[in-house]
Student: 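Structure in structure tokens, see below.
Naming: A, B, ... by sequence-line order, numbering from 1 per chain. Since the model is a prediction, treat every value here as computed from it, not as a measurement.
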Amino acid sequence: MLLKTDHLTRRLDEEAIPVTLVSDANVEIKEGEYVAITGPSGSGKSSLLYLLGLLDRPTSGKIFFDGRDISDLSPNDLAELRLEQMGFVFQFHFLLPEFTALENVMIPMRKLGKLSDKEIREQALSRLIELGLEEHAHKLPSQLSGGQRQRVAVARALANNPRLILADEPTGNLDTHSSQVVQDMLAHLVKVHGCSVVVVTHDPEFAKRCDRIITIVDGKIV
Amino acid sequence: MRLLIFIALKHLLARKRQSLVSLTGIVLGVAFFLAISSIMQGSENDFIRRLIDNSPHITISDEFRDPRVQPLEKLYGDESAVAISGVKPVTETRGIRGYQKTLSYLNTLPDVQASPVLTGQGIISFAGQETGVTFNGMIPEEIDHVSTIRQYVVEGSLERLFSNADGVLIGVGLARQLSLSLNDTISVSAQGGRVRTFKIVGLFKTGRGSYDNRQAFITLKRAQALFNRPNRINSILIKLDDPNNALIRAREIEKVVKYKSESWQEMSEDLMSTLAIRNKIMYTVVSAVLVVAALGIYNVISTVVMEKHRDIAILKSMGFPSRDIRIIFLVQGVLLGIAGNLAGIPLGMAFMKGLAQIKFRPPGAGEQISMPTSWDLQQFAIAIAFAMLASIMASFLPARKASHVQPVDILRGGL
């Protein structure tokens with residue numbers, strides 16, 4: 001079991017009226033599993049994803065990664081865990097605008113610092129080639145199309161060979177064709193790289209391609 | 001760390017115009033800091049140099065710092081209830097007693113050049129006019145050791161005093177006042193009624209009115225005769241190899257010779273404290289320039305932080321800890337500080353060069369002088385340190401704010 005949650009709840013108490021984003025969620029993600037989270041807008045899909053991705057801290061409940069309870073880790077330890085084990089793809093590409101596609105992919109690798117500069121460059125380039133972006137490696141995000149940017153974002157998520165990829169509506173902003181390409185790519189990651197992929201989507205066609213669908217309504221898994 | 005610097009640099013380069021404006025602030029701040037402190041320091045050095053050059057470093061005079069201890073007090077000590085009233089000092093011929101012995105002691109000190117002087121008041125009578133003048137009786141061969149009067153001689157020469165025992169050097173002010181010129185003969189009457197005639201062998205012009213109008217140099221022998229004080233002197237002038245030691249050396253010398261020995265610092269204490277205050281004012285003003293420059297840096301970095309909320313969220317979600325985010329923005333301040341120094345120091349040096357070219361005529365002075373500038377390394381060090389400090393402080397707050405950005409808040413907002 002790669003990721004497991006135990007009665008995970010996230011409330012926003014600081015608001016005037018407390019809002020429960022995720023309530024009592026028990027989720028299990030197996031190694032190499034392709035899972036979709038679906039549900040109506042505002043149901044708490046993304047909130048659940050942020051909790052699974054350790055970007056947000058639960059109000060109560062526990063999260064286990066690789067069998068280890070990580071609920072009480074310090075922000076720095078969580079950051080390290082994210083850096084080594086997870087990759088994110090968001091609805092908007094969220095590339096760093098000052099850096100070329102290649103540099104964007106290299107940044108997490110350089111942060112991890114396990115490889116030499118030369119190896120980092122080669123690996124980042126091979127990721128881009130794998131995603132069909134060879135000729136765009138030295139372009140800035142502003143010079144790329146929406147689909148291309150999203151593919152660079154996927155390449156970046158893959159940078160450190162993570163075991164878990166979390167995607168928040170990765171196709172939400174793309175045309176049908178680009179959406180297909182990104183969907184294919186995510187399926188490819190599961191098959192070839194053996195990573196677990198959790199994808200938030202409200203596209204039923206997309207969800208159907210996954211191994212399993214988690215539906216969430218009003219913060220509760222149904 | 002290299003990665004963080006790389007990111008910081010990209011952030012700055014992406015905002016070339018803004019970065020350049022805030023950089024200009026620092027550059028000008030550093031340059032002005034250097035230029036102003038250079039003039040201030042330069043003029044202070046110039047002032048002190050003149051002060052040191054034109055006056056003896058230590059003056060031993062025929063007085064005592066403390067009143068003489070009465071035999072009764074010596075006998076009973078401090079704790080006794082002895083009261084003496086109406087003490088009247090013994091009448092004695094003034095002057096430094098046994099000055100030969102004092103001089104031979106002073107001459108054993110390696111860094112000291114000493115020369116005896118007898119000063120006294122005399123009245124010059126010429127063409128029906130009379131003027132009171134201070135006569136400095138000195139050993140002509142030793143004048144150069146303790147005085148810079150030679151460089152102010154404008155007519156005649158100091159050497160003529162060596163060969164002419166009846167020679168006198170007077171100031172141009174006095175000469176004009178009494179319509180005297182070189183080689184004229186004057187008659188001087190001293191207190192006590194003695195009258196001697198002197199021949200003017202030289203005229204000097206120091207630029208200081210009181211000096212040029214009221215001082216005259218004659219030989220020690222003639223002074224002793226004029227004032228009827230054979231073998232007496234009333235002060236010893238001392239020049240030191242290093243004038244900065246004067247304060248300590250004066251104390252040491254006074255301990256041995258007992259007579260009051262004043263260093264140049266002590267004699268011009270008021271001026272020295274004025275200079276110290278002036279320095280404080282100067283550093284306050286130039287620091288203000290850098291504070292303004294720091295505001296520019298604060299502005300650009302906090303703008304970057306505002307615009308970069310999304311990027312900060314991305315970096316954090318990727319696995320950059322808060323510390324890294326803080327460093328990225330602090331580094332931007334440091335980079336601006338370094339760049340500001342790199343450009344500001346040459347510019348400041350150019351300012352200093354330019355200022356040194358300016359020549360002006362002080363009111364009342366005859367000749368042009370150039371602006372004194374100081375190239376002391378200390379000023380450069382202060383300017384660099386101050387600019388760096390200002391840059392780091394200015395980036396500190398925005399950097400802290402950046403490190404507190406929560407990625408979820410940004411991602412949820414879908415910015």
Side-chain angles (χ1 to χ4, degrees), chain A residues 10 12 14 21 42 44 46-47 49-51 53-57 74-100 103-113 117 120 140-142 153 156-157 159-160 162 166 168-169 172-173, chain B residues 1-20 300-301 303-329 331-332 335-336 399-415:
Chain A
R10 175 72 170 109
L12 291 179
E14 54 269 31
L21 298 173
S46 296
S47 298
L49 192 82
Y50 299 150
L51 287 171
L54 314 178
L55 291 172
D56 200 7
R57 310 295 296 264
S74 73
N76 284 350
D77 291 336
L78 290 179
E80 207 176 310
L81 195 65
R82 281 202 299 275
L83 182 66
E84 284 186 44
Q85 311 277 6
M86 297 184 182
F88 293 89
V89 183
F90 298 102
Q91 178 175 3
F92 304 96
H93 61 87
F94 276 179
L95 297 174
L96 300 176
E98 294 91 358
F99 299 85
T100 63
E103 284 168 340
N104 263 288
V105 178
M106 284 165 67
I107 284 175
M109 296 172 156
R110 289 181 63 179
K111 174 60 198 162
L112 190 62
D117 283 2
I120 285 174
L140 290 173
S142 56
R156 184 178 64 186
N160 288 333
L166 298 149
D168 187 10
E169 307 247 18
N173 234 16
Chain B
M1 194 64 202
R2 247 176 60 219
L3 175 62
L4 302 181
I5 295 173
F6 176 62
I7 296 175
L9 201 59
K10 282 272 187 182
H11 279 173
L12 287 178
L13 292 178
R15 259 154 225 78
K16 284 203 187 66
R17 209 169 57 88
Q18 265 179 306
S19 304
L20 214 60
V300 71
I301 295 176
T303 314
V304 173
V305 169
M306 296 276 232
E307 288 174 5
K308 291 286 167 201
H309 268 182
R310 212 188 63 177
D311 294 26
I312 295 165
I314 292 300
L315 288 171
K316 279 196 160 186
S317 72
M318 253 181 220
F320 282 72
S322 298
R323 196 191 54 236
D324 284 5
I325 306 296
R326 199 161 50 232
I327 291 172
I328 286 175
F329 291 97
V331 163
Q332 295 185 24
L335 287 176
L336 284 173
R400 213 176 61 136
K401 197 175 162 212
S403 74
H404 289 165
V405 166
Q406 290 300 322
V408 177
D409 296 340
I410 309 301
L411 300 173
R412 197 174 275 145
L415 278 167

Student: Tell me, please, which residues at least two apart from Gln85(A) pass side-chain hydrogen bond (donor to acceptor under 3.5 Å, both in side chains).
Tutor: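 Per chain and number, Gln85(A) pairs via side-chain hydrogen bond (donor to acceptor under 3.5 Å, both in side chains) with no residue.
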
Student: Out of curiosity, Leu4(B) CG to Arg110(A) CZ, how far, rounded to the nearest 0.5 Å?
Tutor: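 One finds 9.5 Å between CG of Leu4(B) and CZ of Arg110(A).
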
Student: Compare every heavy atom of Arg310(B) with every heavy atom of Leu95(A), then report the nearest pair and how far apart it is.
Tutor: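 Between these two residues, the closest heavy atoms are O-NH2, 3.6 Å.
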
Student: Can you tell me which portion of Leu78(A) sits under 4.5 Å from chain B's heavy atoms? Options are side chain, backbone, both or neither.
Tutor: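 Looking at Leu78(A), nothing touches chain B.
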
Student: Just wondering, more than 12 heavy atoms not from Arg400(B) lying within 6.0 Å of its CZ?
Tutor: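 Not more than 12 within 6.0 Å, no.
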
Student: Run the side-chain hydrogen bond (donor to acceptor under 3.5 Å, both in side chains) test against Asp168(A) and tell me which residues pass, sequence neighbours left out.
Tutor: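 Applying side-chain hydrogen bond (donor to acceptor under 3.5 Å, both in side chains) to Asp168(A) gives Ser46(A), Tyr50(A).
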
Student: Do Ser317(B) and Phe94(A) come within less than 4.5 Å of each other through their side chains, counting heavy atoms only?
Tutor: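 No, too far: nothing below the 4.5 Å cut-off.
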
Student: Check side-chain hydrogen bond (donor to acceptor under 3.5 Å, both in side chains) between Arg10(A) and all other residues, then give those that pass, not counting sequence neighbours.
Tutor: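 Applying side-chain hydrogen bond (donor to acceptor under 3.5 Å, both in side chains) to Arg10(A) gives Asp56(A).
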
Student: With only heavy atoms counted, which part of Glu84(A) is less than 4.5 Å from chain B, the side chain, the backbone, both or neither?
Tutor: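 Neither the backbone nor the side chain of Glu84(A) comes within 4.5 Å of chain B.
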
Student: Heavy-atom distances under 4.5 Å only: say whether Leu140(A) touches chain B with side chain, backbone, both or neither.
Tutor: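 Answer is neither: Leu140(A) stays 4.5 Å or more from chain B.
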
Student: Any heavy-atom pair between the side chains of Pro75(A) and Arg323(B) that's under 4.5 Å?
Tutor: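 The answer is no, as the side chains (C-beta and beyond) never meet within the 4.5 Å cut-off.
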
Student: To the nearest 0.5 Å, what is the distance between CZ (Phe6(B)) and CD (Glu103(A))?
Tutor: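 Going from the CZ atom of Phe6(B) to the CD atom of Glu103(A) covers 4.0 Å.
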
Student: Among Leu9(B), Ile7(B), Asp311(B), which residue meets the side chain to side chain contact (heavy atoms under 4.5 Å, CB included) test with Glu98(A)?
Tutor: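 Single pass found, and it is Asp311(B).
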
Student: Does any backbone or side-chain atom of Leu12(A) lie under 4.5 Å from a heavy atom of chain B? Answer side chain, backbone, both or neither.
Tutor: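 The side chain, not the backbone.
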
Student: Between atom CG of Leu3(B) and atom CG of Leu112(A), what is the distance when rounded to the nearest 0.5 Å?
Tutor: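 It is 11.0 Å, given to the nearest 0.5 Å.
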
Student: Would you name the heavy atoms of Met318(B) and Pro108(A) that are closest together and state the gap between them?
Tutor: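 The answer is SD-CG, 3.9 Å.
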
Student: Which bit of Leu315(B) is near chain A, if near means a heavy-atom gap under 4.5 Å: side chain, backbone, both or neither?
Tutor: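 Just the side chain, heavy atoms under 4.5 Å.
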
Student: Under a 4.5 Å cut-off applied to non-hydrogen side-chain atoms, are Pro97(A) and Lys308(B) in contact?
Tutor: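 A side-chain contact exists here, since the closest heavy-atom pair is under 4.5 Å.
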
Student: For chain A, which residues from residues 12-20 of chain B have at least one heavy atom closer than 4.5 Å to it?
Tutor: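 So far as heavy atoms go, Ala14(B), Arg15(B) are the residues that approach chain A to under 4.5 Å.
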
